[in-house]
Amino acid sequence: MQVNGNMNKVYEQSGQRTRCTIDRLQDWLRQVADKHQGQNVMFVCIGTDRSTGDALGPLVGTRLAQRGLQVVGTMEEPCDATNLQSRLSALRDHVVTVAIDACLGHPSSVGQYLVSHSSLQPAESVGLAMPAVGQYSIACVVNVNGPKPYWTLQTTSLHHVMKMADEIADAIIESFLPEPSINTE
């Protein structure tokens, strides 16, 4: 997915995306969690462990799986271009899906999140035609879009990707696994 030149919004076939910081992402995730309280929610964490920029999804998925959330796509078993269609076909229809993927974008968007109440198109910035994923989606702008997207993803800072992955995982865990309140009675 690519961010257009308007910098504030991203437009794609399935709808409109809103660019936000981690604080606004946290609020957005709480709204999604509240709306689907008691329902099965599956996090589809797209990417590969073979590219630093594209490892964001599997890094998030691994953290979420360690906390007991339902996940497709971890460092051990990535959900990438080689298996995305088969992994998606195995999902049950009644599961709410939140897609998470890295993307390239405008320099002013790097480090921000693009959220939507619609699906995302994995691998769009590298020119691959993949099926749309998710009823909700989070695209994480890990680096600047340019003429060589594969090279850009390969040379993206691992520290930056891990920091964003930790922020997303923490926000999801806080929203979907809230700490139980302590009864002092």
Non-hydrogen side-chain atoms of Val142 and Leu56 separated by less than 4.5 Å: yes
Please check if the number of heavy atoms outside Glu76 that lie under 6.0 Å from its CD is greater than 12. no
Quiz question: by atom type and distance under 3.5 Å, do the side chains of Arg30 and Ser175 form a donor-acceptor pair? no
Can you measure from OG (Ser119) to CD (Gln135) and round to the nearest 0.5 angstrom? 9.5 Å
Flag, side chain of Ser137 to backbone of Gly134, donor-acceptor distance under 3.5 Å: no
State the CZ-NE2 distance between Arg17 and His117, to the nearest 0.5 angstrom. 11.0 Å
State, to 0.1 Å, how close Thr21 and Tyr113 come at their nearest heavy-atom pair, and which atoms those are. C-CD1, 3.9 Å
Which heavy-atom pair separates Val133 from Ala99 by the least distance, and what is that distance? O-CB, 3.4 Å
Can you check side-chain contact (heavy atoms from CB on, under 4.5 Å) on Leu64 and Ile173, steps first, answer last? CA-CA 7 Å; Leu64 299 181; Ile173 290 165; 3.9 Å; yes
Quick one: does Thr97's side chain have a donor or acceptor within less than 3.5 Å of a partner on Met42's backbone? no
Compare all side-chain heavy atoms of Thr74 with those of Arg63 and state whether any distance is below 4.5 angstrom. no
Show, in sequence, the C-alpha distance, side-chain angles and deciding distance for Asp80 and Arg50, and conclude whether the salt bridge (charged side-chain N to carboxylate O under 4.0 Å, His left out) test is met. CA-CA 10 Å; Asp80 59 22; Arg50 298 171 190 249; 5.8 Å; no
Do you know which of Ile100, Val98, Leu177 makes side chain to side chain contact (heavy atoms under 4.5 Å, CB included) with Ile172? Ile100
Close side-chain approach of Trp28 and Ile138, heavy atoms under 4.5 Å: yes
Closest non-hydrogen atom pair, Gln70 against Val41: CB-O, 3.6 Å
If I take atom CE from residue Met75 and atom CG from residue Asp49, how far apart are they, to the nearest 0.5 angstrom? 5.0 Å
I'd like to know if the side chain of Asp54 and the backbone of Ala102 have a donor-acceptor N/O pair within less than 3.5 Å. no
Is it true that the side chains of Thr18 and Arg24 contain a donor and an acceptor less than 3.5 Å apart? no
Closest non-hydrogen atoms of Gly57 and Cys45, given as atom of the first, atom of the second and distance, are O-CB, 3.0 Å
Separation between CG of Asn143 and CH2 of Trp151, rounded to the nearest 0.5 Å: 8.5 Å
Closest approach of Val44 and Cys79, non-hydrogen atoms and distance? CG1-SG, 4.3 Å
Do Thr82 and Arg87 meet the criterion of a side-chain donor-acceptor pair at a distance under 3.5 Å? no
For Pro122 and Leu84, the nearest pair of non-hydrogen atoms, with its separation, is CG-CD2, 3.8 Å
Heavy-atom donor-acceptor pair, Gln26 side chain to Ala171 backbone, under 3.5 Å: yes
Straight-line distance of Leu114 CG to Cys103 SG, nearest 0.5 Å: 5.0 Å
Walk me through whether Val141 and Met164 qualify under side-chain contact (heavy atoms from CB on, under 4.5 Å). CA-CA 9 Å; Val141 187; Met164 289 188 79; 5.6 Å; no
Judged by atom type as modelled, is there a donor-acceptor pair below 3.5 Å linking the side chain of Thr48 to the main-chain atoms of Ser51? no
For the backbone of Met130 and the side chain of Gln121, can you confirm whether one donor and one acceptor N or O come within less than 3.5 Å of each other? yes
Test side-chain contact (heavy atoms from CB on, under 4.5 Å) applied to Thr52 - qualifying residues, sequence neighbours left out: Thr156, Leu158
Would you mind listing every ring pair (Phe, Tyr, Trp, His ring centres under 6.0 Å) that reaches into residues 153-177, with sequence neighbours excluded? Phe43-Phe176
CG on Asp166 to NZ on Lys163, rounded to 0.5 Å: 9.5 Å
